[in-house]
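Below: the structure, in structure tokens.
By convention in this document, chain letters (A, B, ...) are assigned in the order of the sequence lines, proteins followed by strands, and residues within each chain are numbered from 1.
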Amino acid sequence: MTDITVLLPDGSERKLHEGATVSDLALDVGEGLAKAALIGEVNGEEVDLSVVLSDGATVNIVTSDSDKGLETLRHSTAHVLAQAVLEIYPGATFAIGPPIEHGFYYDFAIPDGATLSDETLEDIEEKMKEIIAADQAFIRGEASVQEALEIFVDHPYKCEIIQAADSSEIDAAEVISFYRNGTGFVDLCRGPHVPSTGKLQHFKLMNVAGAYWRGDEKNPMLQRIYGTAWANKKQLKDHLFRLEEAAKRDHRKLANELDLLSFPSELGGGLAVWHPKGSQVRKLMEDYSRERHESGGYKFVYTPHLANAELFHTSGHLDFYSEGMYPPMEMDNGEYYLKPMNCPMHCLIYRAGTKSYRDLPLRLFELGTVYRYERAGTLHGLMRIRGFTQDDAHIFTSEEGLAEEIAGLLEFVVSVLKAFGFEEFSFNLSTRDPEKSVGDDQIWEHATSALEEALNAHGLPFQMKLGDAAFYGPKIDIDVSDAIGRSWQLSTIQLDFNLPERFDLRYIDSSGERKRPVMIHRALMGSIERFFGVLVEHYAGAFPAWLTPIQVAVLPVANGHEEYAKDVLGKLEGEGFRCEFYRADNPLGKRIRDVKTQKIPYVLVVGGDDVSNGSVGVNARGSEVERGVPLTAFIERLRTEVDTRQ
RNA sequence: GCCGGGUUAGCUCAGUUGGCAGAGCACUUCUCUUGUAAAGAAGAUGUCGUCGGUUCGAUUCCGACACCCGGCUCCA
């Protein structure tokens, strides 16, 4: 028997008997590794542990510690899900079941168009546990296209995949691979898989949902089951815990609990009314935005909510986006539409007088409320809404001035977002899709490189999104990470060569020539409503002192302290702080609990000591109670906190 | 728009195999007067999402619609 030599990732070599598998190698390295091994990576290719190694191969043993291992684990769990569903529902057929972030899903068609519901998940989960307890081996097989079509003769979706693979040039030569486990289950699969179902212990089925076959709404709708799967019990538990924590931050729940806003059904879907507390926060957000725009050289404008159809013909919205617009209102002299965007009206403002190069860049800003007809099933709290307000600006600049304007904009955007407690940003640069765009190549190239240079000049790393631009110009999108690491796309800076053309916008340059300005659409918060929702989730409802609807709650210990407490209240209100008074009709502990549930940052408790000393007891959110703090000291402290937006 | 689930008091939810509904919290009043996360008592509160149908009778069964939730699709 001859030996072979394989190379490990750390550079070391290992001698094995000829015919040794990846599994044998893992065992040779150590029993622990052999037990943890899920798949191998041989010369960069992911393979089953049962694969026989060849001399000189570079081999990496993949465990669930790595992303690849976890992905395999999830993929294999998806197979077990399919196996369970096919066993429980005779005649059911299955489509695709890939690993996804945190888990996996699998799509099924249940006979006679039957559907699955959440209650059935428990039964399916039980069946999966049986399959896992049986520790069935995943056995790979290979077949020709013809053979594969015979194996999956009862499963039309699988056949469609096989035929698609056969017809695509890349995969034409490839054999069709499949995996068997247990007595009857076989699934079309590229692999690799974990060696046996016993490796798949820590999973949970999450929910069922409809999903179109191949993601196309023209195709039949399948039943999709989502699940999560992890390397160990702790990881699974932690994941479920994180989901619970995220649910606690849900802006729809907090908006209700904190009395910020509501979505009365009589109003219609996707439309909100803002209660006083939510409005207070929103007003502060808007005030801050206005303040920054004012000092940033923007001109404030106002435009109506309605416009004649003619405007949206000129802008092209009726040609391109009419499906997303509310239907027209018939009026005496024609049709009127609710505006889905502010830009056409801002173009009218630009066009209202002859512009000189000296007027550029002209920055028009509006908190403009727009209405978009979002499909009923897509509405989602404040995140997807039908009537919303954009912190919208349109900047008209010369082509030469573009780079500088973009550079300034990037700085502006980041600086404003930082005030709302966001620290991590990521940038995406979307480029032209030649199939779906207007304008000549040179301008696109120039504009795209202006965006790229601006990002580079600020040392901002960015991702290129090829072909992701709007039809009218390239753009930079800015994502922020929130307090629990979720990413939200907020800001956008989009160049537009189309609207200046459609509205025939001009300026006179220094040599007296008429030129076309470039238009930049940009929004920082994007939709104020959505941004508010993101903030609620980011802060978990505990707004910082400058933004919170109520900054201070004043609680007398007993009735006898009420007069002094009112005095404290009056002084705080005199300083412009937003306060609420809680008279001593309930035990102190109860009142403290009430205000804490409302996430009010400062609770001032005043009793006998304070009356004699002119002090307050300060119970600040997230810190220890302080007694005997001079009122003036507290005022100063809150003033600083508010002014610096801590 | 599509698939599945849902809608009962201000909030969170229980309930009725068809006979006009209930808890906790909140609210009102009274008592207690409190030093840091739930004092006690009493009281009031509902077109059981809307409209139609079946029925002697519908909150309950059926249908349509509205709105919400989880996804799919879409997102200028």
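Of the candidate nucleotides B/rA39, B/rG71, B/rU34, B/rG71 has the atom lying nearest to any side-chain atom of A/A209. With B/rA39, B/rU36, B/rG71 as the choices, the nucleotide that has an atom nearest any side-chain atom of A/I592 turns out to be B/rU36. Checking B/rU34, B/rA38, B/rG71 against the side-chain heavy atoms of A/V557 singles out B/rU34 as nearest. Comparing B/rU36, B/rG70, B/rC74 by their nearest atom to the side chain of A/H380 picks out B/rG70. Set against B/rC2, B/rA76, B/rG35, the side chain of A/D609 has B/rG35 as its closest nucleotide. For A/K596, the side-chain atoms get nearest to B/rA37 when compared with the rest of B/rU34, B/rA37, B/rA76.
When all heavy atoms are compared, the tightest approach of A/V413 to A/L524 is CG2-CD2, 3.1 Å.
Along RNA chain B, the nucleotide nearest A/G589 and the nucleotide nearest A/P264 are compared for position; the residue whose nucleotide lies closer to the 5' end is A/G589. If you find the closest nucleotide of RNA chain B to A/A211 and to A/R627, the one lying nearer the 5' end belongs to A/R627.
Backbone-only contact: A/G269 has heavy atoms under 4.0 Å from sugar-phosphate atoms and none from a base. Counting non-hydrogen atoms under 4.0 angstrom, A/A584 reaches a base of the nucleic acid.
A/R591 has no side-chain polar atom (N or O) that falls below the 4.0 Å cut-off from OP1 or OP2 of B/rU33. Between B/rC72 and A/Y105, no contact under 4.0 Å exists linking OP1 or OP2 to a side-chain N or O. OP1 and OP2 of B/rG40 both lie 4.0 Å or more from every side-chain N or O belonging to A/K590.
Base pairing annotation: B/rC2 forms a Watson-Crick or G-U wobble pair with B/rG71, both donor-acceptor distances under 3.5 Å. Partner assigned to B/rA23 is B/rU12, using Watson-Crick or G-U wobble distances below 3.5 angstrom.
Taking atom CZ of A/F320 as the reference point, atom P of B/rA76 lies 13 Å away to the nearest angstrom.
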